[in-house]
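Data first, discussion second: the structure below is written as structure tokens.
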There are 2 protein chains.
Amino acid sequence: MHAKGPRYQQVAASLIDEIKQGRWPVGELLPTELDLCERFGVSRHTAREALRRLRDAGMIERRQGSGTRVAALAPRIAYEQRVSSIEDLLQYGKATKLEFSSIERRAADRTIAQWLDCSLGAATICMHGQRRDRASRALLCVTDVHVVATPDAEQRYGTTPPLALATMLADLNISRLSRVEQSFAAIPMPKSAAGELNTRAGAPALAALRRYFDRSGKLILAAHSVHPGNTFTLSMSLGHDVIARR
Amino acid sequence: MHAKGPRYQQVAASLIDEIKQGRWPVGELLPTELDLCERFGVSRHTAREALRRLRDAGMIERRQGSGTRVAALAPRIAYEQRVSSIEDLLQYGKATKLEFSSIERRAADRTIAQWLDCSLGAATICMHGQRRDRASRALLCVTDVHVVATPDAEQRYGTTPPLALATMLADLNISRLSRVEQSFAAIPMPKSAAGELNTRAGAPALAALRRYFDRSGKLILAAHSVHPGNTFTLSMSLGHDVIARR
DNA sequence: CAGTATAAGTTGTCCGGACATTTTGCCGAG
DNA sequence: CTCGGCAAAATGTCCGGACAACTTATACTG
């Protein structure tokens with residue numbers, strides 16, 4: 001059946017087949033390493049290598065002292081975007097720069113409450129700013145950054161625009177960040193932004209809403225940008241085969 | 001310096017430091033496994049584990065018989081989107097369905113030549129279609145799929161709309177696909193699409209251009225969709241630390 | 001000189017063993 | 001009954017060794 005390639009790949013392929021066929025439901029304990037050694041007639045090293053591949057594929061989770069449990073019935077397929085900073089993720093080059101021009105307190109309306117995942121009327125802080133080309137200072141888009149006005153946020157954001165920007169960049173540090181949600185929509189250019197962007201109100205504009213979450217799943221902040229007509233390009237690559245790779 | 005955690009993590013951390021400091025430029029050969037064993041006073045197993053972590057982090061590339069070379073000066077940071085099908089990647093649910101209504105030959109104009117990465121005037125095939133809700137058959141967007149008209153493509157696509165759709169789905173198989181490039185832009189609703197979508201020409205519309213590449217980097221096809229006002233949401237998670245993870 | 005066989009060097013696979021760390025259940029003390 | 005300690009079980013770390021597969025350079029042959 002799985003007679004090709006290294007022994008650990010054969011073991012891994014067998015286990016994948018059995019998991020796919022539902023021999024162990026999600027959450028169920030797999031046989032222990034020693035059981036697998038006996039069953040497949042391999043050393044513990046080989047069994048562990050097979051299990052490691054399944055783990056890299058997201059099919060199992062292992063816990064020292066506890067055991068190995070099924071996490072998914074199929075290998076995960078992950079498209080990934082390699083980045084070296086949050087700016088890369090957003091496809092802004094290093095040639096652009098965000099500046100805040102004003103900070104205001106707002107009670108969350110329906111839209112903002114949905115963005116910030118808070119109750120209607122909750123106190124929020126809204127920072128309004130512009131992203132400009134670093135050299136020509138040409139205006140690229142206008143941005144509103146929203147945070148829930150906790151006492152902590154009040155102290156760290158509710159100061160001056162430059163300080164609020166620094167606070168935001170610190171909060172969006174790679175080591176804190178865990179998930180980013182990006183939404184794109186075509187909207188008529190709002191009157192408020194039309195003046196700044198020197199375009200006609202009602203013309204097609206690209207609105208991008210980005211919500212940033214930390215490792216615990218808590219929302220850090222939401223940023224809403226309006227672009228005159230720009231194109232956003234996201235390039236994603238399919239990850240490598242974690243089972244068969246050398 | 002790196003006195004905490006397992007030995008292989010200490011070795012990995014040391015090597016990462018040295019690579020970051022430029023001791024070995026990108027492309028340079030690292031010491032062999034046995035050299036590292038001697039230098040750090042560890043077994044080959046431990047040295048290999050350390051190197052494996054660096055490889056998972058994208059910092060080195062290894063080739064049997066040849067050696068270990070530096071691939072990057074810093075660990076890669078990858079945001080990933082877990083998907084189980086190409087439809088998931090595009091955020092279309094299983095509740096929608098694409099249908100082709102017509103196929104026509106076209107000489108590439110400037111726009112299409114840029115999309116398909118071919119010369120101006122080259123022969124192309126364009127399939128026009130609609131994505132509908134599977135249940136209500138409500139029209140969600142109109143799509144044009146473009147391929148370069150090679151003899152092979154001519155035979156496989158230049159037939160009937162249903163066969164062309166099947167061919168496209170086969171070509172976009174997960175196992176062939178390697179990279180997807182998505183661009184979003186706000187455009188005025190084109191007159192041609194306004195009729196089909198039952199909207200006013202000139203109203204804000206979201207145009208999505210998606211280009212699909214195979215493992216060799218060759219473009220498979222380009223798909224251009226126009227949506228009345230829909231929102232596209234992409235959710236991406238930061239990959240786990242491949243160095244320190246258990 | 002061209003091409004081929006050979007040898008050395010390097011990483012990949014696989015085995016066996018030992019001890020550490022973490023989790024879990026059991027059992028007894030209070 | 002509750003709590004703590006203890007032992008069993010499971011995975012994690014680390015060692016040593018052996019051979020296989022692959023790459024590269026060398027030496028040899030025609």
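Following rounding to the nearest Å, B/E49 (CD) and D/dT13 (P) show an atom-to-atom distance of 7 Å. One atom, CD of A/E61, and another, C1' of D/dA10, lie 16 Å apart when rounded to the nearest Å. To the nearest angstrom, C1' of C/dC15 lies 17 Å from CD of A/E38. Straight-line distance from the CD atom of A/Q10 to the P atom of C/dT13: 12 Å, rounded to whole Å. If you measure from atom CG of B/L34 to atom C1' of D/dC15, you get 14 Å, rounded to the nearest angstrom. With rounding to whole Å, B/I60 atom CD1 is found 15 Å from C/dT10 atom P. Remark: P of D/dT23 and CG of B/L29 are 14 Å apart, rounded to the nearest angstrom. A/E33 has its CD atom 12 Å from the C1' atom of D/dT13, to the nearest Å.
Backbone-only contact: A/R63 has heavy atoms under 4.0 Å from sugar-phosphate atoms and none from a base.
Each of A/S66 and A/A47 has a nearest nucleotide on DNA chain C; the 5'-most of these lies closest to A/A47. Nearest-nucleotide assignment on DNA chain D puts the 5′-proximal partner with A/Q64, out of A/Q64 and B/R69. Across the interface with DNA chain C, nearest-nucleotide mapping of A/H45 and B/L30 shows B/L30 to be the residue nearer the 5′ end.
Residue A/R48 places none of its side-chain N or O atoms closer than 4.0 Å to OP1 or OP2 of D/dT11. Phosphate contact (OP1/OP2 of C/dC15, side-chain N/O of A/T46, threshold under 4.0 Å): present. For the pair A/Y8 and C/dC14, the criterion of a side-chain N or O lying under 4.0 Å from OP1 or OP2 is not met. When the side-chain nitrogen and oxygen atoms of A/R246 are compared with OP1 and OP2 of C/dT13, one or more of them lie within a distance under 4.0 Å.
Of all the heavy atoms in A/R69 and A/G27, the pair that sits closest is NH1-O, 2.9 Å. When all heavy atoms of B/E80 and A/A78 are compared, the pair lying nearest together is OE1-CB, 3.9 Å.
Note that A/R131 lies in the cation-pi zone of A/Y92, set by a 6.0 Å cut-off to the ring centre and a 45° limit from the axis.
Counted by atom type alone, B/T143 and B/S225 present one or more donor-acceptor pairs between their side chains at under 3.5 Å. When only modelled atom types and interatomic distance are considered, A/D171 and A/Y157 share a side-chain donor-acceptor pair under 3.5 Å. Using modelled atom types, one finds a donor on one side chain and an acceptor on the other under 3.5 Å when comparing A/D35 with A/T32.
When distances are taken from the side chain of B/T68 to each of C/dT11, D/dT11, D/dC14, the shortest belongs to C/dT11. Looking at the side chain of A/S43, the nearest of the listed nucleotides D/dT11, D/dC15, C/dG16 is C/dG16. For A/V42, the side-chain atoms get nearest to C/dC15 when compared with the rest of C/dC15, D/dT11, C/dG12. Among the nucleotides D/dC15, D/dT13, D/dA20, the one closest to any side-chain atom of A/R44 is D/dT13. Of the candidate nucleotides D/dT13, C/dC14, C/dG12, D/dT13 has the atom nearest to the side chain of B/R53.
For A/R52 against D/dG12, a side-chain-to-base donor-acceptor contact under 3.5 Å is absent.
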